[in-house]
Amino acid sequence: MDSPVVAILAALIGLVAGVAVGVAVAYLGNKSLFGKRFEEAQSEASKLISEAKEKERKLLLEAKEEALRIKSEGEAKLREGEAELKERRAEIQRTERRLVNREENVERRSTNLDRREKDMSDLEKNVASVKEEVEGLKNKQLQKLEEVSFLSMNDAKNELMRRAEEEIKHELAIRYRDMEEQAKADASDKARNIIAQATQRLASDVVSDVTLTSVPLPSEEMKGRLIGREGRNIRAIEKATGVDLIIDDTPEAVTLSCFDPIRREVARLSLLKLIADGRIHPARIEETVSKTEKELQETIRKIGEQTVLDVGIRGLNPEMIKLLGRLKYRFSYGENVLLHSIEVAHLAGIMAAEIGANVKVAKMGGLLHDIGKALTHEVDGPHAEIGADVAVKANVQPHVVSCIKEHHDDDHSSPESFLVAAADAISAARPGSRRDTVEHYIKRLEALEEVGRAFDGVEKCYAIQAGREMRVMVMPERIDDVAASQMARDIVKKIEETLAYPGQIKVTVIRESRIVEVAK
């Protein structure tokens with residue numbers, strides 16, 4: 001039991017005893033005076049004693065309950081402490097086991113490291129000995145090589161550097177060729193540049209043939225009427241037709257200048273109608289040009305239909321027929337493209353019949369092979385690709401499309417395609433098919449061949465296809481494949497820089513080795 005409880009009980013007991021003693025003394029000393037009071041005091045003392053006992057009992061019960069509570073709490077805390085202590089002991093044991101394992105691993109690794117260090121030292125000794133042997137052998141081999149090759153170390157180094165430089169140049173040439181092949185993806189841009197450069201370098205006589213049309217006048221007075229007051233008539237003509245009207249000192253004639261042959265033809269017919277009518281003013285000019293355009297479109301359609309009937313082809317798209325009619329007003333090297341196409345169709349059909357190929361495909365391919373030239377003023381690119389694209393859109397047979405696309409290529413996907421290319425070359429090479437003086441023609445071919453022969457390693461050089469292609473044969477023992485590729489680029493560059501020519505020139509460098517033996 002706790003000390004405060006004991007002290008309280010002792011105080012209560014002492015108080016009760018004192019009260020009882022005081023009452024007894026008072027009763028004994030003055031019984032008569034205090035008789036009544038004594039009885040009251042005795043009664044009060046009894047009451048107090050009973051209350052004190054009751055309080056003592058309650059305090060004892062509370063003390064016992066408090067003692068039980070404290071005891072249970074202490075036992076609970078003791079159990080928790082024992083559990084925690086047990087867990088800590090277990091953790092300490094696990095830590096000890098891990099430390100023991102680590103010590104064993106460290107000892108094992110230390111043993112392995114010692115073994116590896118020993119092996120490495122032995123290996124280093126072996127490597128050093130082998131290296132000494134290799135150095136000795138190397139020196140002996142170098143001495144033998146010098147004796148056999150009659151070259152010193154410096155001479156051998158110089159020879160090695162020279163060969164390395166040659167190999168590097170060879171590798172650079174190969175990479176340059178690969179880069180050029182990769183750049184062919186930009187063919188459309190390169191084609192535009194070629195067209196622009198060819199236009200700038202085009203000879204003046206060729207430009208005049210393909211871009212000028214002369215219109216005769218009944219009198220010199222008509223020139224003034226065509227010019228009009230303050231030049232309003234000539235401006236109206238040029239605006240309505242898109243053609244430049246050149247009025248110079250040429251007697252009784254005016255010149256129409258434009259790259260588009262259809263526009264020139266519209267302007268020519270309109271001028272003839274205006275001159276015959278005599279009424280020349282802006283309103284009449286616009287009316288006449290509009291009417292002439294409609295009449296010319298109808299004429300073009302009829303020309304195309306008549307051409308198809310003459311050649312004997314059926315099932316052609318109406319749009320392709322109109323494009324055929326437009327070729328009547330298109331000229332190439334002074335040759336009418338429509339007449340050239342008809343001639344190629346007949347030639348290709350005859351050859352196809354001779355060798356058993358498809359005559360219909362050959363004829364249609366020959367007739368349509370230059371159809372792209374009808375659109376070269378409206379669409380950028382080579383006329384073969386333009387014609388092939390137009391034919392695909394018009395649902396032309398795939399074999400015919402191949403003939404159109406490949407008629408200027410060396411590789412052909414079908415016999416008919418090869419026949420069309422051959423017929424095209426035959427028609428273009430026919431004497432008189434293209435307007436050109438013999439002297440000018442010969443000079444142009446000679447100048448082209450001189451460019452090719454100027455390069456080192458060239459054995460023979462030939463200009464063919466009326467100067468549109470050049471074949472260069474090189475010496476195979478002096479020019480390899482990579483150098484031949486580089487030579488082709490150099491020749492093309494020199495042609496572009498030194499010669500003036502219409503269109504394009506294809507350069508082919510040929511390298512071959514021939515070994516001939518005769519059996520007797």
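Using a cut-off of 4.0 Å between Lys/Arg side-chain N and Asp/Glu carboxylate O, Glu171 and Arg175 are scored as salt-bridged. Taking a cutoff of 4.0 Å between a charged side-chain nitrogen and a carboxylate oxygen, Lys169 and Glu165 do not qualify as a salt bridge. Between Arg453 and Glu449 there is a salt bridge, since a side-chain N of the basic residue sits under 4.0 Å from a carboxylate O of the acidic one. A salt bridge between Arg478 and Asp456 is present, with a side-chain N of the basic residue lying under 4.0 Å from a carboxylate O of the acidic one. Using a 4.0 Å cut-off between charged nitrogen and carboxylate oxygen, Asp370 and Lys373 count as a salt-bridge pair.
Summarising the geometry, atom OG belonging to Ser485 is positioned 10.0 Å from atom CG belonging to Asp480; distances are rounded to the nearest 0.5 Å. Between the CZ atom in Arg471 and the OH atom in Tyr462 there is a gap of 12.0 Å [rounded to 0.5 Å]. Atoms CD1 and CD1, on Ile321 and Ile300 in that order, are 13.5 Å from each other to the nearest 0.5 Å.
Counting all heavy atoms, side chain and backbone alike, Gly387 lies closest to Ile371 at CA-CG2, 3.6 Å.
Between the side chains of Asn112 and Arg109, no donor-acceptor pair of N or O atoms lies under 3.5 Å. No hydrogens or angles considered: nothing links the side chains of Arg98 and Asn101 as a donor-acceptor pair under 3.5 Å.
With sequence neighbours excluded, the residues satisfying salt bridge (charged side-chain N to carboxylate O under 4.0 Å, His left out) with Glu54 are Arg57.
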Test ring pair (Phe, Tyr, Trp, His ring centres under 6.0 Å) on His407 and His383; report intermediate values, then the result.
CA-CA 10 Å; His407 74 274; His383 71 275; 5.2 Å; yes

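Every pair passing side-chain hydrogen bond (donor to acceptor under 3.5 Å, both in side chains) that includes a residue from residues 67-86 is listed here, sequence neighbours excluded: Glu66-Arg69, Arg69-Glu73, Glu84-Arg88.
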